[in-house]
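All chains are named by letter (A, B, ...) in the order of the sequence lines, taking the proteins before the strands, and each is independently numbered beginning at 1. Quick caveat: nothing in here was measured; it's all calculated off a predicted structure.
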Protein chains: 2
Amino acid sequence: MAKAENSVPAPAVRRLSLYLRQLEAFQSNNLQTVSSKQLGQALSLSDAQVRKDLAYFGQFGHPGVGYRVSELIERLRQILGTDRKTTAMLVGLGNLGHALMQYRGFNKKNFEIVAAFDKDPTKLGQAIPDRPAMTIQPMTEMLETVNHLNIKLGLICVPAEVAQDVADMMITAGVRGILNFAPISLKVGPNVVMSSVDLAVQLEQLAFQLSAMQNRATEPRQ
Amino acid sequence: MAKAENSVPAPAVRRLSLYLRQLEAFQSNNLQTVSSKQLGQALSLSDAQVRKDLAYFGQFGHPGVGYRVSELIERLRQILGTDRKTTAMLVGLGNLGHALMQYRGFNKKNFEIVAAFDKDPTKLGQAIPDRPAMTIQPMTEMLETVNHLNIKLGLICVPAEVAQDVADMMITAGVRGILNFAPISLKVGPNVVMSSVDLAVQLEQLAFQLSAMQNRATEPRQ
DNA sequence: TTTTGTGAATTGCTTCACAGCA
DNA sequence: TGCTGTGAAGCAATTCACAAAA
């Protein structure tokens, strides 16, 4: 039986996504089975790491054979919860918001954006490219729409200054998860999960590693 | 004196970016000094964590007082390497590529995109909105442009199938870092740093936590 | 007093190495 | 033989708790 989620290291859950992606690549190359060693090499991880990560959730492998690709893909989707559809809404239709409305990756992972909100009165009622059935709604309709369409996830694409207010509104409306694109650290209560996508943070991590490399090159011995 | 970079835990470096962002917020609220406790609370971290993270890089605090906001901001920028300008190029001008060309956050963090490439012949020579000085160049000009403009970083916005090839071209041309937006795990040699931005992975992490929460609600006792 | 910086203790994660199965 | 699943060992990160500084 699978372990309780709270005993699984967070990094292991993160790698589950990478395993799934790599397995999908193997599958489109018509590979039937894969060993922990092969999977690890493709992702620059050790075979032991792969086995231990998967073992947190159950026994999916076949000794002497490896893992059956299609079987493991199916199991990973169940574990990650992307075998069921998740409905989402998006708030803030600036540059980024519009780009995300166009993004096809959501549907590939079984997410569907079913509503879009903005507080700018000039945008209200506007159509959204490639989305004939949707228009931009005013913030006042959020509560009703979330309940009516049973929306589970909210995407925040507004400026940092108003991001916390929007998060609070979403939570009040009944959303269970938030994906935050604003460069600010949001507070959410218990029973709400939050994840942030922050390009500035990624850039700084790269900048740091670039300078570290530079330093190693100029003064090899400390 | 600051410790050698290789002895610093990676999660600590990651949090440095969060500290910097929060300090900038404190600064625009005219706060002069901040304690590790205040900084930690704003980011949902312990005070001990904040102090230890900062101590990896030197002694910036003042016992009984805390940290001077402007001083710490300056030091963090130096440590992260965003006090100096980093030149970058972007490859792949689809939806995402164009959105990133518009994104102002790069300049705020002292990154500058100075060249854009695409292999599609119909896009070559096209102007880029808000970028009067740049046109889309063919891939064959990459080597020369990287050397001429001393480009340090490459952004990959091409489909997964060709992302590794583009990465290899970039490295051959002399780039030192890569920010990959394609949903694939890239291999780069030593002396090149790589970081990936993958929305699909983030979505799956959220989906997992959403189902975990659901399970906790339905069966509180394991 | 307040608050830092830091060894020591603790917790968590990864790697090792091997029994058991196909 | 080849490969998984897993305790045990080893390593890494976080938290504790307190001396020292202002």
- Query: Which distance, rounded to the nearest 0.5 Å, do you find between the NZ of B/Lys85 and the NZ of B/Lys152?
  - Reply: 13.5 Å
Between atom [atom1] in [X] and atom [atom2] in [N], what is the gap in whole Å?
{"X": "B/Leu72", "N": "C/dT3", "atom1": "CG", "atom2": "P", "result": "16 Å"}
{"X": "B/Tyr19", "N": "C/dT4", "atom1": "OH", "atom2": "P", "result": "12 Å"}
{"X": "B/Arg68", "N": "C/dT3", "atom1": "CZ", "atom2": "P", "result": "14 Å"}
{"X": "B/His62", "N": "C/dG5", "atom1": "NE2", "atom2": "C1'", "result": "13 Å"}
{"X": "B/Tyr56", "N": "C/dT6", "atom1": "OH", "atom2": "P", "result": "11 Å"}
{"X": "A/Leu54", "N": "C/dC13", "atom1": "CG", "atom2": "C1'", "result": "16 Å"}
{"X": "B/Asp47", "N": "D/dT15", "atom1": "CG", "atom2": "C1'", "result": "10 Å"}
{"X": "A/Phe57", "N": "D/dG5", "atom1": "CZ", "atom2": "C1'", "result": "15 Å"}

Please tell me which of the listed nucleotides, [options], lies nearest to the side chain of [X]?
{"X": "A/Gln49", "options": "D/dT14, D/dC3, C/dT14", "result": "C/dT14"}
{"X": "A/Ala48", "options": "C/dC16, D/dT4, D/dA13", "result": "C/dC16"}
{"X": "A/Arg51", "options": "D/dT15, C/dG5, D/dG5", "result": "D/dG5"}
{"X": "B/Pro11", "options": "D/dA13, D/dT4, D/dT15", "result": "D/dA13"}
{"X": "A/Pro9", "options": "C/dT15, C/dC13, C/dA17", "result": "C/dC13"}

- Query: If each of A/Ala12 and B/Lys37 is mapped to the nucleotide of DNA chain C with the nearest heavy atom, which maps nearer the 5' terminus, i.e. the 5' end?
  - Reply: B/Lys37
- For salt bridge (charged side-chain N to carboxylate O under 4.0 Å, His left out), just list the numbers for B/Glu24 and B/Arg77, CA-CA rounded to whole Å, side-chain angles, deciding distance to a tenth of an Å, and then say yes or no. CA-CA 11 Å; B/Glu24 286 166 346; B/Arg77 286 190 185 139; 2.8 Å; yes
Is there a side-chain contact between [X] and [Y] (heavy atoms, below 4.5 Å)?
{"X": "B/Leu179", "Y": "B/Val197", "value": "yes"}
{"X": "A/His98", "Y": "A/Gln102", "value": "no"}
{"X": "B/Lys119", "Y": "B/Val166", "value": "no"}

Given [N], is OP1 or OP2 found less than 4.0 Å from the side-chain N or O atoms of [X]?
{"X": "A/Arg15", "N": "C/dT14", "result": "yes"}
{"X": "B/Tyr67", "N": "C/dT2", "result": "no"}
{"X": "B/Ser36", "N": "C/dT3", "result": "no"}
{"X": "B/Gln59", "N": "C/dT6", "result": "yes"}

- Would you classify A/Gly61 as touching base, sugar-phosphate or nothing, given that sugar-phosphate means primed atoms plus P, OP1 and OP2, and contacts are heavy atoms under 4.0 Å? sugar-phosphate
